[in-house]
Each structure stands twice: as structure tokens, then as C-alpha cells.
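Position 1 is the first residue of the sequence; numbering continues from there. Both ligands and their constituent atoms are indexed starting at 1 by order of listing. Because the structure is predicted, anything quoted here is derived from the model rather than measured.
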Amino acid sequence: MSEKLRIIYAATEVEGFSKSGGLADVSRALPLHLKQQGHDIRIVTPFYRSIPENHDTRILIPSLGVPLGGEEIRCAVRELEMQGTVEGETVTVPVYFIEHEDYFFRSGYYDDGMLEYPDNAERFGFFSKSALQLCRALKWIPHIFHANDWHTALIPYYLFQEQEAGTELLVSSSVLTVHNSGYQGNVPGRFSNSLDIYDKFIVPEIFEDHGQLNLLKGGISFADQVNTVSQGYAEELKTPLGSHGLHEIYADKGNAFSGILNGCDYEEWNPESDPNLPECFSINDLAGKKVCKQKLQQTFGLPESSEVAVIGMVSRLTWQKGFEYLIPALQDILRLKVQLIILGSGELWIASSFDKLKEQFPEKLGWKNGHDNYLAHLIEAGSDLYLMPSLYEPCGLNQMYSLRYGTLPIVRNVGGLKDTVINYQENSQKGNGFIFEDPNAEAVAEAVDFAVKIFYRKPARFRKMIERAMKQRFTWTAAAEKYSALYQKTLNQGVK
Ligand code: ADP
Ligand code: GLC
């Protein structure tokens, strides 16, 4: 490593404290690995209502003033040390929690289960500003402010403001990681006052977007470096079809925009030591996988059979994941000799479609509406195939988990899925999964039908694929080295 850097890592979800999707996994694993590589990295995240129920934190700053929108908003800062294991070594990273009861003591992180909170821009704008203010209060000036997604995309902008004002943050740089360009923080223009977004910046090249403010877009403009979570998605983001409307903004960043593939946390997702499983297993001895399959069938009340092909899915229930074409395709898929097991939470129409399908196919569909980490592990372990037919997928972690558990992924040819899964081909020795192209019901049904045929008719080939899948590695060590290089590039880039 070239230089030991001070990094503040701002994220609205961190595994162990708060989680709705993969951002949480990344916000735990990446800081732990960067710490292990020698950096002084600290996480800042909101103090949500569920956190004090499960963690003892201590007050670090009883009252911090955060100037925003002509007011001084007061919050407290709490702290604890997050512990993890990296390559057998115990590593700890300080986590700073921003405590503001009105903003963060709510039933959900982003919504009340039905509707997004109408003041999300203010909640997360405040959180973003507090990250800067916190560092100043601690007299700990980071080399890098690392922001993630639209919620913290205002950090690069607020850093720019500090630098215009010539504060001690003049020496800092910003990196913004886009985990999902489909969520941009589009809010009415009236929020500009409470967020301190000045008129001169409300132009189409920066914050303005169809008469509204687009917080992600503004953040991309101000960030010193922007990256996303796979190279495949980075390429897609530069095209009109794949960028969710922001392709020009990404393309304009030139060399300051790149893709770094996420890693997979092989401490947490390891079939050889996973405490969630009724029996562990390895490439050399898959007997435990059968036990997991049986337990999975029991848990979901499906007929117990080691012969039948079990297809698993663990997913946020949202259009990004391809449900619009998957649900019609299930009429065909559930007529195959398969069991399908789905765990998910999210949009109501998707959940109620599964409720109806469950009535229609009670012996073939196992379905649970909810968030359940134990079941997520059991599904990865006990299934034969894993379905991820995403419309778009910036990286995707579940296909990496399923590879490690010898559960062959069936994925669409997009984003991080195409960067991590190798398609089955009759005479190739490389395949570890099944890839299809088109985002429609026929294509997904055909891909599942094909994978299931290989399962039944070519067990030796299927077994070889399992071995290749289980050997595949996407390490956080490699990803963290790339982030180190990105930070270094960011520092070299600016005259600060
Ligand atoms: P995304 O971040 O778009 O949701 P990823 O594949 O990157 O997709 O990460 C999803 C993460 O969230 C994985 O760790 C997955 O196991 C977890 N997850 C998603 N839905 C659930 C659920 N209903 N219960 C438990 N874990 C879930
Ligand atoms: C997002 C993306 C997912 C990615 C995750 C972590 O939620 O949808 O593809 O794996 O972030 O980067």
C-alpha cells in the first residue's frame, strides 16, 4: 500500500446495524478490508430506532450543531467499534452514529412499508452534512470522504462548499460510489432552501432534472471520483438504455468514472462453517447440502425429496429484479418438475402475486414475505439452482453467494451478473451457471427449463459445474486494493 489514508465512509445501511439490501453488506466488508490494509477508516451511519435494541453504543459528542438551510440542526454522535475477521485476523472499525430522533427513529429506514418518507431529502441531506461537521468537531480531517448512493450524494457538494469557504476541509477529496443508479433522489425544487443548494447549481449539468432536483446527479458532478460496483454496469451507465437517464453525466466524468466489482464476504458466506446450516458441506463432501435441502423443504412445507430440482430466490421485491416478466413466466416454470422457494420483501403487488401463485401451486411454491437472514443462508445452501432474472443489476451479491454454496445461478446478461457468472456451454469446461438475454417471460422460462434439463439429464456435468462454482472467488481483498488505488488517484488528481 502506498499511503495510509484517513477515510470517512458514509452509508445509510451497514450490515449488523441496518440492512435492506447489498449496500449494507458492502458497507461492512469494504471498511473492514481497507482497515486491514492499513487505512484509518471510520464509518458514519444514521442511528436508527432498532440499533439501541441490539447494540451498546457510547456517546461521543452529546450535541453537535449542523448548519443547514439557515438553521443549526442539533444531533448527538454515538460510537462503537465494529469487529470482524479478515483473513483470519480480527479487525475493528469505529462506527459513528448520527442520532436525531425525529429523522431516524421511525419504523423504516426509507419508507413506512408503503410510502417513502416525504422528507427523505432533508433527512439524508442533514445526515450528509453531519458527516463533514463530525470530522471537523473531532479535528480528524479525512483525506477521503467516501459517499454511497443518492442518500449521501450531497457530501461531495457540501465538501465543495467548505472548500469555497476555505475551511480545514480544503485538503479532503470525495469519492461517490453508485450502487444503484435507478434511485436518484428526485425531489421538488423547493428542497433547495433546506438543503442549501444554490440557484447557480440548479442547471441541467448539475442538480436540475425535469424541473426537479436530482441529488445523485448533483453529487456525481461534484465528486472527485465516481465509481460503480461492476465494470459491466459502468459500461451500461454510459448508454441511454442502461443509465436511468444519466448517461451524459457519467460519460462526462471521463477517467473519473470507473467500475470496481464488489467482493463476496467469504467469512459470512461459507458453507464449510456457516452456523445457520443444519449441516455444513464442502466441494469434496456435498452430503451436508442434501441435509440443507431437506431442511429447506421442511421449513417451507414442501414435499421432501432429494431428487426434485429446487430453485431458490432471495430478493428485494421490486421491478429492478425482473418480477414483471418473471411472474407471468412462473405459470410455465411451476409446471416443470421443480420446487421454487422465494424469500422477499418489498412491493405489495409482487407479494400478492406470490400469495395467489401459492394457492395455485401449493406443493411446488414455497414463499415467505419478509426479511430473514437465517432463511437467506438456508435457501442459498439448500437449493440446486438460484434464480436472479434482474432487469438491471449493478453488481448483485446473491449470485456470488450461490456460487460459493454450489447453487448454480440462472441470471440475465446484465451488469454485475454478466461479470460474475459464466454460461454453460455444451463442450466448454468453464460454465458455472446459466445466462439468458432478453427481459421477457419466454426467455426466463426457457432458461429455467434448460437449466432443469441439465440438472436431470446431465448430472455429471451439473456436478462439475458445482465444483467450478464453489471454487470461484471474488475477494474483498482484491476489491479493497482497487479502492485504495482509486483513493490515491483521487488525491493525486486535485490541487488541494
Ligand atoms: P440488492 O442490493 O439490489 O438488493 P444484492 O444481491 O446486492 O441486491 O444484495 C442483496 C442482499 O440483501 C443480500 O445479502 C441478500 O441476501 C439480502 N436480502 C435481500 N432480501 C432479503 C430478505 N428478504 N431476507 C434476507 N436477506 C435478504
Ligand atoms: C445495490 C445493487 C446491487 C449491488 C448492491 C451493493 O443495491 O442493486 O446490484 O450488489 O447495491 O453494491
Side-chain angles (χ1 to χ4, degrees), residues 9 11-16 18-30 109-110 146-152 176-184 216 227-234 236-237 242 244 259-269 274 276 299 312-323 341-347 350-351 354 366-381 383 386-405 407 409 411-412 414-421 474 476 479 483:
Y9 191 91
T12 52
E13 296 178 27
V14 183
E15 164 97 61
S18 49
K19 173 162 176 172
S20 79
L23 171 63
D25 305 45
V26 176
S27 305
R28 174 178 162 85
L30 179 58
Y109 309 132
Y110 312 116
H146 191 153
N148 291 279
D149 276 347
W150 79 261
H151 315 94
T152 48
L176 171 60
T177 298
V178 179
H179 297 262
N180 197 330
S181 189
Y183 300 84
Q184 299 175 2
L216 181 65
N227 82 296
T228 186
V229 287
S230 70
Q231 283 183 354
Y233 193 53
E236 288 166 13
L237 287 182
H244 320 271
I260 300 178
L261 188 71
N262 284 333
C264 172
D265 185 346
Y266 294 111
E267 303 279 344
E268 159 96 8
W269 297 91
D274 190 334
N276 300 288
T299 307
M313 252 187 117
V314 179
S315 182
R316 287 185 296 119
L317 302 181
T318 178
W319 65 285
Q320 173 196 342
K321 303 294 178 180
F323 288 106
I341 294 182
I342 300 180
L343 166 68
S345 65
E347 290 165 29
I350 303 174
F354 286 126
W367 143 242
K368 181 169 175 197
N369 186 355
H371 199 97
D372 187 324
N373 190 44
Y374 160 76
L375 281 182
H377 282 252
L378 188 63
I379 291 174
E380 291 290 4
S383 306
Y386 186 86
L387 185 56
M388 204 158 166
S390 308
L391 183 61
Y392 74 94
E393 197 59 73
C395 177
L397 297 171
N398 276 117
Q399 83 283 9
M400 296 190 193
Y401 303 152
S402 66
L403 286 167
R404 182 67 190 95
Y405 283 72
T407 300
V411 302
R412 200 167 93 71
V414 278
L417 298 176
K418 76 174 172 216
D419 291 0
T420 50
V421 178
F474 305 98
W476 269 115
Y483 276 97

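Under a 3.5 Å cut-off, the side chain of Glu13 and the backbone N or O of Leu23 do not form any donor-acceptor pair.
His371 NE2, 3.5 Å is the protein heavy atom nearest to atom 26 (N) of ligand 1.
Taking the ring centroids of Trp150 and Tyr183, they lie at or beyond the 6.0 Å cut-off.
A distance of 10.0 Å separates CZ of Arg316 from CD1 of Ile350, quoted to the nearest 0.5 Å.
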For this session: Would you check, one step at a time, whether the test side-chain contact (heavy atoms from CB on, under 4.5 Å) holds for Thr12 with Tyr109?
Result: CA-CA 8 Å; Thr12 52; Tyr109 309 132; over 6 Å; no

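Within the 4.0 Å heavy-atom shell around ligand 1 one does not find Ala24. Not a single heavy atom of Cys395 sits less than 4.0 Å from an atom of ligand 1. Note on ligand 1: His179 sits outside its first shell, no heavy atom being nearer than 4.0 Å. In this structure, Gln399 has no heavy atom closer than 4.0 Å to ligand 1.
Only side-chain heavy atoms of Asp25 come within less than 4.0 Å of ligand 1; its backbone N, CA, C and O stay farther off.
Residues that satisfy the side-chain hydrogen bond (donor to acceptor under 3.5 Å, both in side chains) test with Thr407, not counting sequence neighbours, are Lys289. A search for side-chain hydrogen bond (donor to acceptor under 3.5 Å, both in side chains) contacts involving Ser181 returns Tyr250, not counting sequence neighbours. With sequence neighbours left out, the ring pair (Phe, Tyr, Trp, His ring centres under 6.0 Å) criterion links Phe354 to Phe323, Trp367.
Within 4.0 Å of ligand 2, contacts by protein heavy atoms are made from Gly22, Leu23, Val26, His179, Asn180, Val229, Asn262, Arg316, Gln320, Glu393, Pro394, Cys395, Gly396, Leu397.
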